[in-house]
Amino acid sequence: MDRSTAPGRRRTEEIHIHLEGHFTRETSVSVLLGILLSVLAVTIGVSTAPADELPLAVREYQKSVAEDRAKLERDPDLPQFHFTAPRGSLGDPNGLLHYRGRYHLFYQHNPVWPKEGPVHWGHAVSEDLLHWQDWPIALTPTPKGPDKDGCYSGCAVIDTDGTPTLIYTGISPQVQCLATSKDLATWTKYDRNPVLANPGIGESILGWRDPYVWREGDEWCMTISSGITDKGGAALLYRAKDLRGPWTYMNPLFVCREWLIDSPYHPNFECVSFVPLGDKWLLVASAEHRQRAFWFIGDYRDGRFTPETSGPLDGNLHTYPATFYAPQVFRDAKGRVLMFGWLRDIRSRPDLGYSGAMSLPRELTLRKDGRLGMAPVAETEKLRDRHWRFETRTLTQAGMSDALKDVRGKCLEILAEVEPGKAEAIVLRVLVAPRDGEKPRQETTITVHGFPLREVSIGRGQASRSPGVASGDVAHRFDRLSDEKMLRLHVFVDRSVVEVFVNGRCCVTARVYPSNEDAVGIDLQTRGGDATLRSLDVWTLRSTLRADRQKITK
């Protein structure tokens, strides 16, 4: 994808692999068969066995970055429970993997940022998706090798013999490469890389990267993100008996033609993920020309994906690059379909030594209406600390500032259930600072417009007093549902990150930089009429940094 907005790289890519993806070509056979095969894959690669002793390479790497981690704490806007790299830039999540009781998060990484440098694969490990441990850089460009100009996005799989394997893109030209490991701490590149160097499609294409692999019967399947000139963004399908090849081009898995109206831009997919979801299949793609991520749900049959419903991920109204981009999807050993995304920094602070953060992990589900549902993973409840609860009351335009005067924090979880009544909008203000003379009050404003639900926005016009920070609103518009009578807001505030889950239908994310120790208040009010607040729960959230960062509980 075009990562011109990402620090220290021309472009970043990602891709993930579906570990327990032993599925048949014919989804019509039975969902039960898919589940059975998924369980089989768990037995070969997604074990929940206790973690082994940490490899020496991991211990040495943690020592080498300990001082860098400590330096990050000088940033008052450093996220406390969203993962960041120990130094340099962080981009797309790559190779998401749940293996032997540990979650592995690889990511696009320039360790020398803000200096220019080729893209590497960073690596972090967790047992609970919250407390992340730095592991050694997994992939580094090889001089004169097929990945000499960068190790771009790819996926992680467990091979049929139990070997952890990374498949990724090298560029100049774009080719697909492979690396393996015995302990997931040190990786050895295949000596005959690339494993696939020819697209084989016979048509003009715009890009060819981000492999995403799953097992299907006795074959491996791989999609590569692309765009077919004058046809649309595409996911190209390949098959092989062995991960090392030979790989055979089959056909386009999916071509999205609807964006051709965006001329003179040519639509190009990147970071495609493809997994079963309920009795359907989910395809997630990032649109390079729009710098947005989108989801598609439909049927997969005879090597072709036919979408039935689709929509944007994390905002669809703003015109500048989205905060949330290049997501990757995978299934864990619990059977959950989870997603991480890259949260761009929207400020210019190279002096801080790091850039980018990872979203909270989101659990994806298939709703009864055939559309995508999402929620924060249940593990986030482990971070809850001090708790305030407010019961049923009338919610007015005057707000709840008096009732909420003691509710304060820069790291908060907020869960509000509201009957909109006659209100035209519900407004939640977070990171609120006291008024400073005649200046507008510093705050980040979350507004839900129209009922049945029509639109949610995060207003950043007064969110920061720091120079060089983007201040435009982030907004998402919904397809209205006539039976949607209640509003359920589930909000996570983590200093410079605000993630807003709405009615289990979407999440909207913004980066904000209050850089103000007094910006800790919240308020809840209406516009255009009264509403009924059924419940409001607020928790302060504990940090996952410092000692927790380099410790995995056995």
Side-chain angles (χ1 to χ4, degrees), residues 1 12-23 27 34 38 41 46 91-98 103-108 152-157 166-169 176 207-216 220-227 233-238 252-256 268-278 280-288 292-300 305 307 309-314 322 324-332 335-342 358-359 361-366 372-374 377 507:
M1 71 174 72
T12 341
E13 290 135 41
E14 92 168 316
I15 152 134
H16 158 71
I17 175 104
H18 178 50
L19 287 182
E20 38 303 345
H22 293 57
F23 295 93
T27 58
S38 195
V46 199
D92 315 355
N94 288 167
L96 301 177
L97 186 71
H98 193 193
Y103 291 94
H104 291 262
L105 167 64
F106 300 90
Y107 55 93
Q108 294 286 274
Y152 283 79
S153 292
C155 62
V157 295
L166 304 180
I167 304 173
Y168 65 99
T169 297
Q176 316 312 320
W208 191 61
R209 53 187 183 264
D210 307 352
Y212 188 98
V213 181
W214 69 98
R215 186 77 173 170
E216 197 170 281
W220 291 102
C221 294
M222 174 167 62
T223 65
I224 297 182
S225 303
S226 186
L236 307 181
L237 179 63
Y238 299 79
L253 174 74
F254 173 54
V255 179
C256 183
N268 188 61
F269 275 178
E270 48 191 0
C271 307
V272 168
S273 298
F274 189 55
V275 296
L277 186 68
K280 300 293 181 180
W281 283 73
L282 167 69
L283 187 146
V284 170
S286 293
E288 182 177 20
R292 298 282 186 283
F294 294 83
W295 61 266
F296 304 84
I297 291 175
D299 284 330
Y300 172 48
F305 173 67
T309 59
S310 64
L313 281 167
D314 218 291
F324 177 95
Y325 193 61
Q328 188 173 91
V329 178
F330 74 114
R331 188 184 301 274
D332 72 358
R336 299 178 297 180
V337 176
L338 305 180
M339 177 175 69
F340 282 89
W342 166 37
M358 207 59 70
S359 72
R362 304 174 184 181
E363 182 174 1
L364 306 182
T365 55
L366 179 64
L372 185 66
M374 70 178 65
V377 294
C507 181

**Student:** Under 6.0 Å between ring centres: does that hold for Tyr107 and Phe340?
**Tutor:** no

**Student:** Kindly indicate whether the side chain of Pro327, heavy atoms from C-beta on, has any atom under 4.5 Å from the side chain of Cys271.
**Tutor:** no

**Student:** Check side chain to side chain contact (heavy atoms under 4.5 Å, CB included) between Pro252 and all other residues, then give those that pass, not counting sequence neighbours.
**Tutor:** Ile228, Leu236, Tyr249, Val255, Arg304

**Student:** Could you check whether any side-chain heavy atom of Val157 comes within less than 4.5 Å of a side-chain heavy atom of Trp214, counting everything from C-beta outward?
**Tutor:** no

**Student:** Give me the atom names and distance for the closest heavy-atom approach of Ile167 to Met222.
**Tutor:** CG2-SD, 4.4 Å

**Student:** Applying side-chain hydrogen bond (donor to acceptor under 3.5 Å, both in side chains), name anything that partners Trp208, two or more places apart in sequence or on another chain.
**Tutor:** Tyr238

**Student:** Does any part of the side chain of Arg362, heavy atoms only, come nearer than 4.5 Å to the side chain of Cys507, both counted from C-beta?
**Tutor:** yes

**Student:** What's the verdict on side-chain contact (heavy atoms from CB on, under 4.5 Å) for Leu338 and Met374, showing C-alpha distance, side-chain angles and the deciding distance?
**Tutor:** CA-CA 9 Å; Leu338 305 180; Met374 70 178 65; over 6 Å; no

**Student:** Residues two or more places apart in sequence or in another chain: which of them pass side chain to side chain contact (heavy atoms under 4.5 Å, CB included) with Ser310?
**Tutor:** Phe296

**Student:** Answer yes or no: is there a side-chain heavy-atom contact under 4.5 Å between Leu283 and Ser273?
**Tutor:** no

**Student:** Please say which of Trp281, Trp295, Phe254, Phe269 ends up in a ring pair (Phe, Tyr, Trp, His ring centres under 6.0 Å) with Phe274.
**Tutor:** Trp281

**Student:** Working to the nearest 0.5 angstrom, can you tell me the gap between Met339 CE and Phe324 CZ?
**Tutor:** 4.0 Å

**Student:** Quick one: does Val275's side chain get under 4.5 Å of Val284's, heavy atoms only?
**Tutor:** no

**Student:** Stepwise, does the side-chain contact (heavy atoms from CB on, under 4.5 Å) test hold for Val272 with Arg209?
**Tutor:** CA-CA 9 Å; Val272 168; Arg209 53 187 183 264; over 6 Å; no

**Student:** I'd like to check the ring pair (Phe, Tyr, Trp, His ring centres under 6.0 Å) partners of Tyr103; sequence neighbours left out, ordered by chain and number.
**Tutor:** His98

**Student:** Side-chain contact, heavy-atom cut-off 4.5 Å: Val329 with Leu364?
**Tutor:** yes

**Student:** Once you round to the nearest 0.5 Å, how far does OH of Tyr300 lie from CZ of Phe305?
**Tutor:** 11.0 Å

**Student:** Can you tell if the side chain of His104 reaches within under 4.5 Å of the side chain of Leu96, non-hydrogen atoms only?
**Tutor:** no

**Student:** Could you give the distance from CG (Asn268) to SG (Cys256), rounded to the nearest 0.5 Å?
**Tutor:** 12.0 Å

